[in-house]
Each structure stands twice: as C-alpha cells, then as structure tokens.
Amino acid sequence: MKTFVSKIAEKRAWLQGVLLTLWLVILSFGMTFPALATGLYSFPSQPSSETWVFDNADEISRVSEGKVNKVLSQLADQTGNEVRFVVIRRLDYGETMDSLTDKLFEQWFPTPEVRANQTLLVLDTLTKNTAIRVGEGLQDLLSDDIAQSVATETLQAPLREGNKFNQALLDASDRLVAVLSGEPDPGPPEIAEKLNVEGTFTAAEDTDARSATVWVVVLLIVATIIPMATYFAYVGFPGR
C-alpha cells in the first residue's frame with residue numbers, strides 16, 4: 001500500500017513539474033506577444049488636465065513625452081488652446097482611425113463649448129495611419145488644410161525615415177504650438193529626395209505574424225503534451 005501511494009505521489013510530482021515547465025515556456029513567449037488592440041475602452045473617460053500625451057503603444061520615450069507635455073501645457077496656460085496626442089499600437093476589430101478618433105473626441109469633449117478649443121491627434125504605430133480632430137473655435141487658427149498637413153506630412157515625415165515616433169510627436173507639437181499661438185505656420189518639413197533602396201529590416205506586420213505563429217506552435221505543443229502527461233501520470237512513466 002505504501003509503495004502504491006509513493007508511486008502516485010511520484011507521478012503527481014512529475015505531472016506538476018511538466019505543467020510548470022509548460023507554463024514557464026508560455027510566459028517566456030508571452031513577452032513578445034503583440035500588444036492588445038485599442039478601442040474606446042482603452043482610455044479614461046476624461047483626459048487628465050496634466051497629461052497631453054497618451055502613449056498606449058509604449059513607443060514614446062519619457063524624455064520626448066516630457067518635452068511635449070511641457071510645451072502643450074504652456075500653450076494651454078497662455079492661450080487656452082489644448083492639444084492632445086494619442087499613440088496606439090493597433091485598432092480594435094471593426095474600428096477605423098476616423099471612428100476611434102471621433103468617439104474619443106466626443107467622449108473627452110462632449111459638448112460644443114468644451115471641444116471648441118481642443119485638438120486631438122491620433123497615431124497608430126502599426127499602420128502609421130493618423131487622424132486629427134479640431135474644435136470649431138480653432139478653425140481660424142488651425143484650418144482644415146493645416147490640420148491635415150500636420151497629420152499627414154509633419155507627423156508622417158519622420159516615420160518614413162525609420163519609425164522615428166519620438167521625432168514625429170516633437171515636430172507635430174512644435175508646429176501646432178506655433179499655429180495655435182497665432183504665429184505664422186512653419187509648414188511641413190522639407191523632404192529631401194532619396195534613392196528608393198529596399199530595406200532589410202523586418203516590417204512590424206511581419207513581426208506580429210511571426211509572434212502569432214509562435215503562439216500557435218506553443219498552443220499545439222501544449223495541447224499535445226498535456227494529455228500525454230496526464231495519461232502517463234495515471235498509467236505509468238514511459239518505459240517503466
């Protein structure tokens with residue numbers, strides 16, 4: 001009887017060791033799992049009065065975020081005009097840049113009076129798509145043409161040079177601050193013509209696809225090993 005109980009205990013310990021190993025493997029792969037999709041639920045119901053950059057993608061350095069927060073805070077104090085940047089990693093299923101930006105703009109600034117002097121600029125780091133919304137009270141300073149130029153030219157130029165997200169926000173904030181302060185529009189950055197040399201770096205989409213493939217393989221391994229481990233735990237160790 002004691003021998004039988006001892007064998008059961010050994011088998012149980014062996015099974016626990018197998019499951020623990022599998023769990024550690026899953027956790028190690030999980031470190032590279034793609035960021036979760038972003039929807040309206042990913043943001044606070046109201047923006048903080050002291051936060052001007054919402055980086056849900058973890059792409060903006062603390063130094064750059066601090067610089068942008070400082071100049072946008074000064075802009076708000078001096079003019080009453082407010083600008084907020086939102087950086088995301090990927091959109092939720094069925095969501096578009098325009099739909100998310102519209103919903104967020106309306107949630108954060110629910111009335112025409114509240115949104116009159118507000119500007120919201122959203123960047124998706126995965127697709128590099130952008131969207132901008134401007135309150136009606138700023139139309140004389142920040143026209144539709146300038147706003148779209150900020151989103152599609154000023155913000156995009158550093159991204160075409162190698163995913164320079166920090167520089168993109170710094171350039172866009174500098175231009176917006178100038179325009180919303182009543183200064184002449186400095187315009188979009190000048191783009192020097194360069195040879196179109198094919199890059200050798202892995203695209204973000206390819207990286208995400210590889211991570212997804214790894215997860216499929218891991219789950220298949222888990223689905224195969226766990227039943228085997230359970231079987232051997234009750235029947236006996238292999239080769240015994």
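Model, not experiment: these values are computed from the prediction.
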Student: Tell me which one of L142, I146, L121 satisfies side-chain contact (heavy atoms from CB on, under 4.5 Å) with V134.
Tutor: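 By the side-chain contact (heavy atoms from CB on, under 4.5 Å) criterion, V134 pairs with just one of L142, I146, L121: L142.
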Student: How far apart are the closest heavy atoms of D55 and I60, and which atoms are they?
Tutor: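 The pair with the smallest heavy-atom distance is OD2-N, 2.9 Å.
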Student: Within the structure provided, determine whether I88 and L100 are in side-chain contact (heavy-atom separation under 4.5 Å).
Tutor: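 I88 reaches L100 side chain to side chain.
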Student: Closest approach of G135 and F105, non-hydrogen atoms and distance?
Tutor: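 Closest approach of G135 to F105: N-CZ, 3.9 Å.
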Student: To the nearest 0.5 Å, what is the distance between CG (D185) and CD (E183)?
Tutor: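 Separation between the atoms: 10.5 Å.
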Student: Write out all pairs satisfying salt bridge (charged side-chain N to carboxylate O under 4.0 Å, His left out) with one or both partners inside residues 109-126, taking only residues at least two apart or from two chains.
Tutor: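 Listed once each, the pairs would be none.
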Student: Tell me the ring-ring contact (aromatic ring centres under 6.0 Å, His included) pairs involving residues 58-91, sequence neighbours left out?
Tutor: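 Output for this query is empty, none listed.
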Student: Tell me whether the rings of F43 and W108 are parallel (<30°), tilted (30 to 60°) or perpendicular (>60°).
Tutor: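 Perpendicular.
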Student: Counting neighbours of CD on Q74 that are heavy atoms of other residues, nucleotides or ligands and sit closer than 6.0 Å, is the number greater than 12?
Tutor: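 Buried by this count: over 12 neighbours within 6.0 Å.
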Student: So, using side-chain hydrogen bond (donor to acceptor under 3.5 Å, both in side chains) as the criterion, who are the partners of N129 when residues are at least two apart?
Tutor: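 With neighbours one apart ignored, the set is T127.
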Student: Considering residues at least two apart in sequence or located in another chain, which fulfil the side-chain contact (heavy atoms from CB on, under 4.5 Å) criterion with Q148?
Tutor: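 So Q148 forms a side-chain contact (heavy atoms from CB on, under 4.5 Å) with I132, T152.
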Student: Does atom CD of Q46 have more than 12 heavy-atom neighbours from other groups under 6.0 Å away?
Tutor: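 Atom CD in Q46 is crowded, with more than 12 foreign heavy atoms closer than 6.0 Å.
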Student: Can any side-chain N or O of Q78 pair as donor or acceptor with the backbone N or O of S73 at less than 3.5 Å?
Tutor: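 Answer holds: no.
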Student: Got a donor-acceptor contact below 3.5 angstrom from the S181 side chain to the A178 backbone?
Tutor: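 Checking the backbone N and O of A178 against the side chain of S181, no donor-acceptor pair under 3.5 Å is found.
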Student: Do L180 and L75 have side chains that get closer than 4.5 Å, going by heavy atoms?
Tutor: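 Contact flag for L180/L75 side chains = yes.
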Student: Could you list the residues that satisfy side-chain hydrogen bond (donor to acceptor under 3.5 Å, both in side chains) with S61, not counting sequence neighbours?
Tutor: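 Expected list: S64, N166.
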Student: F165: which residues meet the ring pair (Phe, Tyr, Trp, His ring centres under 6.0 Å) condition with it, sequence neighbours left out?
Tutor: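 Ring pair (Phe, Tyr, Trp, His ring centres under 6.0 Å) check on F165 returns nothing, list empty.
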Student: Could you list the residues that satisfy salt bridge (charged side-chain N to carboxylate O under 4.0 Å, His left out) with E82, not counting sequence neighbours?
Tutor: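 In terms of salt bridge (charged side-chain N to carboxylate O under 4.0 Å, His left out), with neighbours along the sequence ignored, E82 is linked to R84.
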Student: Please report the interatomic distance CG(N163) to OG1(T125), rounded to the nearest 0.5 Å.
Tutor: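 Here the interatomic distance stands at 8.5 Å.
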Student: Among all residues two or more places apart in sequence or in another chain, which pass the ring pair (Phe, Tyr, Trp, His ring centres under 6.0 Å) test with W52?
Tutor: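 Scan of W52 (ring pair (Phe, Tyr, Trp, His ring centres under 6.0 Å), adjacent residues dropped) gives none.
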Student: Identify, with sequence neighbours excluded, every residue that meets side-chain hydrogen bond (donor to acceptor under 3.5 Å, both in side chains) alongside D98.
Tutor: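 side-chain hydrogen bond (donor to acceptor under 3.5 Å, both in side chains) check on D98 returns R133.
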Student: Does the side chain of L141 reach to within under 4.5 Å of the side chain of N81, using non-hydrogen atoms?
Tutor: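 Side-chain contact under 4.5 Å: yes.
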Student: Got a second to check how far K67's NZ is from N69's CG, nearest 0.5 Å?
Tutor: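 That separation rounds to 13.0 Å.
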Student: Given side chains that start at C-beta, do those of P158 and D171 come closer than 4.5 Å, heavy atoms only?
Tutor: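 Yes, close enough: below the 4.5 Å cut-off.
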Student: Quick check on the hydrophobic clustering: are L104 and L72 connected, directly or via other members, by side-chain heavy-atom contacts under 4.5 Å?
Tutor: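 Cluster IDs for L104 and L72 differ.
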Student: Looking at CG of L126 and CG of L91, how far apart are the two atoms once the value is rounded to the nearest 0.5 Å?
Tutor: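 Result: 8.5 Å between the selected atoms.
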Student: Does any part of the side chain of V86, heavy atoms only, come nearer than 4.5 Å to the side chain of L120, both counted from C-beta?
Tutor: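 They are in contact (side-chain heavy atoms under 4.5 Å apart), so the answer is yes.
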Student: Under a single-linkage definition using a 4.5 Å side-chain heavy-atom cutoff for Ile, Leu, Val, Met, Phe, Trp and Tyr, are V83 and M97 assigned to the same hydrophobic cluster?
Tutor: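 No; M97 is not reachable from V83 via cluster members.
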Student: Tell me if a side-chain donor or acceptor on T130 pairs with a main-chain N or O of A151 at a distance below 3.5 Å.
Tutor: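 Yes; at least one donor-acceptor contact below 3.5 Å.
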Student: Going by salt bridge (charged side-chain N to carboxylate O under 4.0 Å, His left out), name the pairs with one or both residues in residues 138-150, residues two or more places apart or in two chains.
Tutor: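 The answer is none; no pair qualifies.
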Student: Can you sort out the partners of E65 under side-chain hydrogen bond (donor to acceptor under 3.5 Å, both in side chains), two or more places apart, ordered by chain and number?
Tutor: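 In terms of side-chain hydrogen bond (donor to acceptor under 3.5 Å, both in side chains), with neighbours along the sequence ignored, E65 is linked to no residue.
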Student: Which pair of heavy atoms, one from F54 and one from S48, lies closest together, and at what distance?
Tutor: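 Minimum heavy-atom contact is CZ-N, 4.1 Å.
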Student: Please find the pair of heavy atoms, one from P44 and one from Q107, that lie closest to each other, and give the distance.
Tutor: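 Closest heavy-atom pair between P44 and Q107: O-NE2, 3.1 Å.
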Student: Are any of the side-chain heavy atoms of S149 and R175 separated by less than 4.5 Å?
Tutor: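 Answer yes - side chains close enough.
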Student: Quick check: do L169 and L155 have side-chain heavy atoms less than 4.5 Å from each other?
Tutor: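 Yes; the side chains approach each other to less than 4.5 Å.
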Student: Output all residues satisfying salt bridge (charged side-chain N to carboxylate O under 4.0 Å, His left out) with K164, sequence neighbours left out; order by chain, then residue number.
Tutor: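 Applying salt bridge (charged side-chain N to carboxylate O under 4.0 Å, His left out) to K164 gives E161.
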